[in-house]
Amino acid sequence: MQNTLTEDEERALISALPDKVAFQTLYRAYFERVFGYIAYRVGRRQDAEDIAADVFMRVLRKVHTFEYRGAGSFAAWVFQIARNQVAQFYRYADRQPDSLIPLDDLPHMQGDNLLPDEVLMKKETFARLQGAIASLSERRQEVVTLRFYGGLSNQEIARVLDLDERTVASHLSRAIDDLQRTYRAKESSL
Amino acid sequence: MSDMSDMNENHSQDKETQQYIDRLLAGETITNDPLLNAMIETRPQASTIFQDTLESQLLAQLDSAEVYEEENVSPMNIAIDTSIPTKQTSDSQIKRHFPVTLIAAMLAIMIFGGFLTLMFNSGGSEDIYLSGAGDDIQQDADPEALADCPFPADSDYILYAVVAGDTLSSISENFDISVGDIAEANCFYDGDGTRSQNTLLLGDNIQAGDTLRIPVLDNECYVQRTSPDPLWIRNDTRTDARQLWQVQSSMLVLASETNADSNTGAEWYYVRIQIGRGTIEGFVLVSLVTEPAIHCTANAPGQVSNPVDVVVATRDLSSGTVLDLGDVETVSILPEQAPAFAYCCLDFVLGREITADVSEGAFVTEFELGQTVGDTSNAPGQIQNPAQVVVAAQDLAVGTVLERGDLETVSIMPDNIDQPFVFCCVDLLLGREVIAPVTAGAFVTENVLGLNPETGTINGQVLDEPNAGSVPDEVIRATATQLMIDVTETAEPTATQTP
């Protein structure tokens, strides 16, 4: 989940671009997190894959414009692109987040060798959790998904959303409280 | 107090949140908290097939060099000539839209019909416009961008950076070559007329700042001013002919030997200069005189080639003088004019004692410094073998502004120098920007460096590849007073293109 690259490693890789190995390493370090974030934001696996492909293509094409501004700046930059692409996905297609997505269309979940019914249960949980997150304000949805599925630090989230770091922490804290209440209520109603 | 209390509360809240999240991410409380359990268990994961496929596609894009888009040129730029007027372009005038099919169709027309109207200017009706980087599009060319496009080793070319307003036909006209030649040199299409997989710069991605390889025909060379005196293009090969244009320093001038005329023993070159989007054609008189005013090589201005720097005496020096700053200086000359055992930079001679009288302007070579040439042949820093060559002391990333610790010199026989445009002195590279990655131990050549901000040109190369197409020295020397040129055709300069 966490980016396994150190700050120095990441900086060296960025400066080595367009070296293939450097890009490959960065891609592998970020893919899972970016995809996780996108998948939670859009829900459908196919959409998430399309957007993720778009995001990394943009990263590739725009990376020469990236200016390193300290630890976390690259992660923030990548997720800013991801966030923009998600926003564009909803804006241009005039879409609304789906409240009901067929389970087959949901993204795969982590976990190896799961039985079919376990996979099904996971997907149901995902759908419930996504519903709970969707009940948060837009800003808190962003903060929660960037934090939990993008694996960003508060500082990085602050950069992506152009907020103060303390504001992010506050949003996060309250979002978790809200989520706890909502999710428990949903659980108990089952 | 209230503020302080809020702050403490916030701080405490932040800390709690952080701890909570850390636990969550570590999965420590999965069994106790349904929410955390759900979040961790349901983290979306792309299929391995998708992840791998996307990775392959991205790396393939990287291979094809079709990666950098729009506003900026590649980080690996090398300037070839900043003197050519560039069209100022504002963002509002520019938009980028390149229908691939339209480009392909037009290519087909150009290739098979010779119809040269692929427009990129903002005045055309076609919906094909150049994108630009705002107001400062320079003549930067990126040799790396053409790395995958093979080019005959024995052929010459210059690198041209596309500017807003260029069209393929205008470029081909300016350089007096066919669009087909440009297309071929840049892997625009394969021999069967289909678009090449190696298409890098033309086609659906052409934009201001992209690099084109412009083949240099056998009968052409490029004239570069080295004298501060003006050169004039005239309308015919008579000394009283009307002067058309004053050649600016480093202005790119195409000269054709085959069209050279002679008048009372003087050599005239038929030349063509690009002025903005127009060209001026005429004649430049070059005759046999002592001071070189122009030199003509197969290399365009800004390309790393001649001249090299050589140490000469600034005054008459008598034997026994210990050389100090002020006694010597470097001058730029063609490599073939450099005497044996000359030095390329002052560092190697300062503090040494000369053993023979040296007159002002004469080369200070190892002969004058007491070297027994027969024994050692060459001392460090000599232009002749072995040469001191600058290499990277460590891996150098793109964007590195070179400092002393980044570089070191090694002594190497010229035969072992497998790259052109290497440098002999660290000093010549300090402060310059690396525009392509250099691994430790590799030569730091002009090809990996940006434009020299001080001179606007290049200098200090130790060795050079022969200039195919160079004309003999005696033919290309001239002085300003003897430069009398004529006109066959005029392109009116604009107000912003002051000669």
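Chain identifiers are assigned alphabetically (A, B, ...) following the order of the sequence lines, protein sequences preceding nucleic acid strands; residue numbering begins at 1 within each chain.
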Worksheet, complete the sentence: dist B:Leu54:CG -> A:Glu49:CD (nearest 0.5 Å) comes out at 9.5 Å
Worksheet item: Sub-3.5 Å donor-acceptor pair from the side chain of A:Tyr27 to the main-chain atoms of B:Gln51, do we have one?
Response: yes
Worksheet item: Where does A:Tyr40 contact chain B at under 4.5 Å (heavy atoms): side chain, backbone, both or neither?
Response: both
Identify each donor-acceptor pair in which a side-chain atom of residues 393-403 of chain B lies under 3.5 Å from a protein atom, sequence neighbours left out, and give them as a table.
| unit_1 | atom_1 | unit_2 | atom_2 | d |
| --- | --- | --- | --- | --- |
| B:Gln394 | NE2 | B:Asp406 | OD1 | 2.7 |
| B:Asp395 | OD1 | B:Ala440 | N | 2.7 |
| B:Thr400 | OG1 | B:Ala397 | N | 3.3 |
| B:Thr400 | OG1 | B:Ala397 | O | 2.6 |

Discussion item. Could you work out, with side chain to side chain donor-acceptor pair (under 3.5 Å) as the rule, every residue matching A:Arg69, not counting sequence neighbours?
Written reply: A:Glu67
Discussion item. Quick check on A:Val168 against chain B: is it the side chain, the backbone, both or neither that has a heavy atom closer than 4.5 Å?
Written reply: neither
